[in-house]
Novice: 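Please find one structure pasted underneath; my questions will follow.
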Amino acid sequence: MAVPILWQDPFSSVRSPLFISKYFSSLGKDEKFILKECLEELGINEEFSNTLFDYARFLKVLDLWKLESKVIKWITFKLIDSELFYDTEMYHIINLLFKLFIESGAALHKLGLGFSKSLELKPEIFYILGENKQFFSRIQHLSLDEISDNNIESSVALLRALAKSTKKISAIELNYFDLDYEPQIFQALIYVIKSQEQLRLFSLVGGYHTEFYGVISALESQKNLLQVILDNCDFSAEFEVFNNCKNLETLRIRHCATEPLKLLDYKVSTLEVIESQIDTQSMALIFEKSETNHIINLLIKLFIESGGTLHKLDLRFPISLELKPVIFYLLGENKQFFSRIQHLFLGKILDNIIERATTLLEALAKSTTKISTIKLQWFESIYEPQIFYALINIIKSQEQLRLFFLAGVYPTEFHGIISALESQKNSLQEVILDNCDFSAEFEVLNKCKNLKTLRIGHCTTKLLKLLDYKVSTLEVVDFHNDDMPLIFEKSGKLLQRLRLVKLEEEFQDKPLLLEALKSFCPNITYLSIQGIGFSTQLVVLIGNLQKLQFLSLRCDDVDDIPEEVLKIRVIQFSETLPLTLKYFNLGDTWLEPYTDILFNYCNAPLKKMLIYRLNKERISKALVEFCMRNKTLNYVGVYKYFDLDNDIRKEVEIYVELVPCEYIVVDL
């Protein structure tokens, strides 16, 4: 086993060049004859003895500069008179060796391309490369050094052969980037870069160039780059491509101008800056850019490795957040981290994080079956298909999904995500839809046997009409009045908790809606209506809800009602409040001038009441009298609690506790 290892990279070693003679033993008969004649002309008598191995086939590393250097040393060592040394013989030997390596069946792992002015590869070399693609097929490391003008064609041919023969290059080092190269050199380099599957390292040494002819831009095809090294570079907009490299971990910047330094994002864990033209302000900017991402990755790594188990996961990706590959590796090793998640929240997924988001969602689907709540806060139909597949897998892999929330931008296509809820038809209890257009997929909700709560906001009429509404809790925000009577009829006696929020002024002009609610839904215990007109129909409706316990009301048209008519209507409203009512939220200022009348005529056994403010003596006096008469009121929530007059507070709190409204507010 030692022999193949010793002969993998012989030209980089410091050993004597005499090992080259062993290669000659593997040459063909005619090649040996021609070489022997050539050497004898120089006074070199070389015998080609048989060897135990075909050493050429063991070659893994080939650098043309080092090959040339070793051949020169071998000839010099063999020559009796060094003045007889000719370039012709040297390059004949180099071509023979290159041909031998290719035909031996060797497969390089590392290739260094550098051409001296007098080196010329024969056409035969390129023909043999075409026949023996295995020679370049496993190259992982490519370095390109100076290319002399007379070797442009040879360099281009080798680079094109590389692009066609290998996709495994993980490191490319351009050690001498010259703006004076012919365009075909740049085109060939771009071809090599774009044809690789997983380029990990890219290094470029320039001469403070500002033009890179698309070579840097070609790295857009290699967004999984892990390490970038820039040396002696000036500003070019092409460098912005590095900000798209999602997995970039290491950035080394040497002897560069200030402008490219300011351009980069520095979302890396390793940063090296050497002798670059940079002031303290620019350096501070670099630290600001790089520090946050590094710390976030360190913390996530710590959480995973600590043995922690999440119960709630919020996936909202800042545009600059770059999770490193090690995070995903650790998630694969530590499945307990996701195994107990019960609540999943997914925000907007930007184009530059599609792969990471997909991987996280796929890891979730494999690691947990305990999610009870899924909230998709920003759903877009234009996501990549893998996002939809991952979400579908998560939904289907859960044992008992209880709540599903989806907020879109009026999408009409849901790519099977809503249909996937059929797998949860026995467990799903609450569905929230916001800004959704019609899709036949929503019919699946009518199959959910245990669905109890449905919240619909800013959705189209066609979608509203599709659903069955066999639920006990219903919330509808921003609707067309004509849609609601059918919804109430479908809900019927099952409906117990209702919240309506109308964003248009026409709400008060549709008595059919209130009549339908009164006729079909007599079992309502919680009613919240926002944006309705304070009409006699509303007063009659509330009076007829004999099971009502919670009432939240905001009316919009009181300024249009004559004062005397309004006073009479407030009295009627107060007298007809159901005797089952325990909680009343007046909310806004709409009834504030008549709050004393409400207290004076109300007989409902309220325990909690919310008002906007308490700053008038007649209202505070009416409240005290109500407490003395009613004897059930425990709390009054005041929206302007911190504006309360101390004297009024002391007077009222003898009978009831005053608190900020948020302390006692009851939401649906």
Side-chain angles (χ1 to χ4, degrees), residues 315 343-349 351 354 357-358 360-362 364-365 368-369 371-480 482-484 486-491 494-495:
L315 294 178
H343 305 282
L344 171 64
F345 183 100
L346 184 64
K348 186 174 183 179
I349 302 174
D351 291 342
I354 291 291
T358 302
L360 283 176
L361 293 172
E362 288 173 347
L364 270 170
T368 182
T369 59
I371 296 177
S372 60
T373 299
I374 293 179
K375 294 186 177 183
L376 309 181
Q377 180 62 44
W378 190 288
F379 183 87
E380 290 194 273
S381 297
I382 58 174
Y383 285 152
E384 294 295 320
Q386 57 264 40
I387 290 291
F388 302 126
Y389 298 149
L391 286 171
I392 289 170
N393 286 336
I394 288 178
I395 292 171
K396 290 184 175 180
S397 62
Q398 304 315 306
E399 293 174 352
Q400 287 190 324
L401 186 62
R402 304 286 191 195
L403 184 150
F404 179 80
F405 170 94
L406 186 144
V409 190
Y410 287 99
T412 57
E413 179 58 60
F414 295 87
H415 303 280
I417 288 177
I418 304 299
S419 297
L421 292 172
E422 183 161 5
S423 64
Q424 302 294 333
K425 64 183 179 181
N426 294 324
S427 63
L428 199 60
Q429 295 181 359
E430 182 172 353
V431 170
I432 305 171
L433 304 175
D434 195 3
N435 283 290
C436 293
D437 206 337
F438 173 80
S439 168
E441 286 193 43
F442 285 113
E443 287 187 10
V444 75
L445 300 181
N446 295 334
K447 299 179 182 179
C448 296
K449 304 173 183 178
N450 295 309
L451 190 61
K452 296 178 180 178
T453 301
L454 188 58
R455 305 178 192 273
I456 303 176
H458 319 286
C459 293
T460 59
T461 296
K462 194 174 181 181
L463 172 56
L464 289 171
K465 291 181 177 180
L466 177 71
L467 304 177
D468 275 351
Y469 298 98
K470 303 301 182 184
V471 293
S472 58
T473 301
L474 175 65
E475 176 180 317
V476 185
V477 177
D478 192 17
F479 52 87
H480 293 288
D482 294 338
D483 300 335
M484 299 313 300
L486 177 61
I487 291 174
F488 294 147
E489 183 177 354
K490 287 181 175 181
S491 301
L494 287 176
L495 189 60

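What you see is a predicted model; the values in this text were computed from it and never measured. No hydrogens, no waters, no symmetry mates; every other heavy atom, side chains included, goes into these values.
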Novice: Tell me, do Lys348 and Tyr383 make a side-chain contact under 4.5 Å, heavy atoms counted?
Specialist: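 Yes, at least one pair of side-chain atoms sits under 4.5 Å.
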Novice: Counting N and O atoms only, with roles assigned by atom type, does the side chain of Glu441 sit under 3.5 Å from a partner on the main chain of Gly416, one being a donor and the other an acceptor?
Specialist: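 Between the backbone of Gly416 and the side chain of Glu441 there is a qualifying donor-acceptor contact (under 3.5 Å).
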Novice: How would you list all residue pairs meeting salt bridge (Lys or Arg N to Asp or Glu O under 4.0 Å) that involve residues 388-415, not counting sequence neighbours?
Specialist: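 Found Lys370-Glu399.
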Novice: How about Phe404 and Leu376: do any of their side-chain heavy atoms sit closer than 4.5 Å?
Specialist: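 The answer is yes; the side chains approach within 4.5 Å.
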Novice: Among pairs that include at least one residue of residues 429-453, which meet ring pair (Phe, Tyr, Trp, His ring centres under 6.0 Å), considering only residues two or more places apart or in two chains?
Specialist: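 For residues 429-453: Phe414-Phe442.
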Novice: Between atom CG of Asn393 and atom CG of Leu391, what is the distance when rounded to the nearest 0.5 Å?
Specialist: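 If we round to the nearest 0.5 Å, Asn393:CG and Leu391:CG are 9.0 Å apart.
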Novice: Please list, chain by chain and in numerical order, all residues satisfying salt bridge (charged side-chain N to carboxylate O under 4.0 Å, His left out) with Glu362, sequence neighbours excluded.
Specialist: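 Per chain and number, Glu362 pairs via salt bridge (charged side-chain N to carboxylate O under 4.0 Å, His left out) with no residue.
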Novice: Quick one: list whatever passes side chain to side chain contact (heavy atoms under 4.5 Å, CB included) with Phe405, sequence neighbours left out.
Specialist: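 Testing Phe405 for side chain to side chain contact (heavy atoms under 4.5 Å, CB included), a comparison that skips the adjacent residues, returns Lys375, Gln377, Leu403, Ala407, Ile432.
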Novice: Mind checking side chain to side chain donor-acceptor pair (under 3.5 Å) for Ser439 and listing every partner two or more places apart, or none if nothing turns up?
Specialist: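 Side chain to side chain donor-acceptor pair (under 3.5 Å) list for Ser439, sorted by chain: empty.
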Novice: Quick one: are Ser372 and His343 in side-chain contact, heavy atoms under 4.5 Å?
Specialist: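 In short, these two side chains touch, coming nearer than 4.5 Å.
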Novice: Of all residues at least two apart in sequence or in a different chain, which pass the side chain to side chain donor-acceptor pair (under 3.5 Å) check with Ser427?
Specialist: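 In terms of side chain to side chain donor-acceptor pair (under 3.5 Å), with neighbours along the sequence ignored, Ser427 is linked to Gln424.
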Novice: Kindly indicate whether the side chain of Leu401, heavy atoms from C-beta on, has any atom under 4.5 Å from the side chain of Leu421.
Specialist: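 Contact flag for Leu401/Leu421 side chains = yes.
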Novice: Could you state the interatomic distance from CG (Leu454) to OG (Ser491), rounded to the nearest 0.5 Å?
Specialist: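 With rounding to 0.5 Å, CG (Leu454) is 8.5 Å from OG (Ser491).
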Novice: Nearest 0.5 Å, what's the CD1-CG distance between Ile349 and Leu360?
Specialist: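 Here the rounded value is 10.0 Å.
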Novice: Please identify each residue that fulfils salt bridge (charged side-chain N to carboxylate O under 4.0 Å, His left out) with Glu422, with sequence neighbours left out.
Specialist: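 Per chain and number, Glu422 pairs via salt bridge (charged side-chain N to carboxylate O under 4.0 Å, His left out) with Lys447.
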Novice: When you compare the side chain of Asn426 with that of Lys449, does any pair of heavy atoms fall below 4.5 Å?
Specialist: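 With C-beta onward as the side chain, the pair touches.
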Novice: Write out all pairs satisfying salt bridge (Lys or Arg N to Asp or Glu O under 4.0 Å) with one or both partners inside residues 451-465, taking only residues at least two apart or from two chains.
Specialist: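 Every salt bridge (Lys or Arg N to Asp or Glu O under 4.0 Å) pair that includes a residue of residues 451-465, provided the two are not neighbours, is Glu430-Arg455, Arg455-Glu475.
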Novice: List for me each residue that meets side chain to side chain donor-acceptor pair (under 3.5 Å) alongside Thr460, sequence neighbours excluded, and say none if there are none.
Specialist: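 Partners of Thr460 under the side chain to side chain donor-acceptor pair (under 3.5 Å) test: Asp437.
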Novice: Just to verify, what does Ser423 make a side chain to side chain donor-acceptor pair (under 3.5 Å) with, not counting sequence neighbours?
Specialist: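 For Ser423 there are no side chain to side chain donor-acceptor pair (under 3.5 Å) partners, ignoring immediate neighbours.
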Novice: State whether the side chain of Thr358 and the backbone N or O of Ile354 hold a donor-acceptor pair below 3.5 Å, judged by distance alone.
Specialist: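 Looks like yes, one N/O pair under 3.5 Å.
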Novice: Using every non-hydrogen atom in the two residues, find where Leu428 and Cys448 come nearest and quote the distance to one decimal.
Specialist: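 Heavy atoms only, the tightest pair is CD2-SG, 4.0 Å.
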Novice: With sequence neighbours excluded, tell me which residues meet ring pair (Phe, Tyr, Trp, His ring centres under 6.0 Å) with Phe388.
Specialist: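 Listed in chain order: Phe379, His415.
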Novice: Kindly write out the residues that satisfy side chain to side chain contact (heavy atoms under 4.5 Å, CB included) with Asn446, not counting sequence neighbours, or none if the list is empty.
Specialist: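 Testing Asn446 for side chain to side chain contact (heavy atoms under 4.5 Å, CB included), a comparison that skips the adjacent residues, returns Leu467, Asp468.
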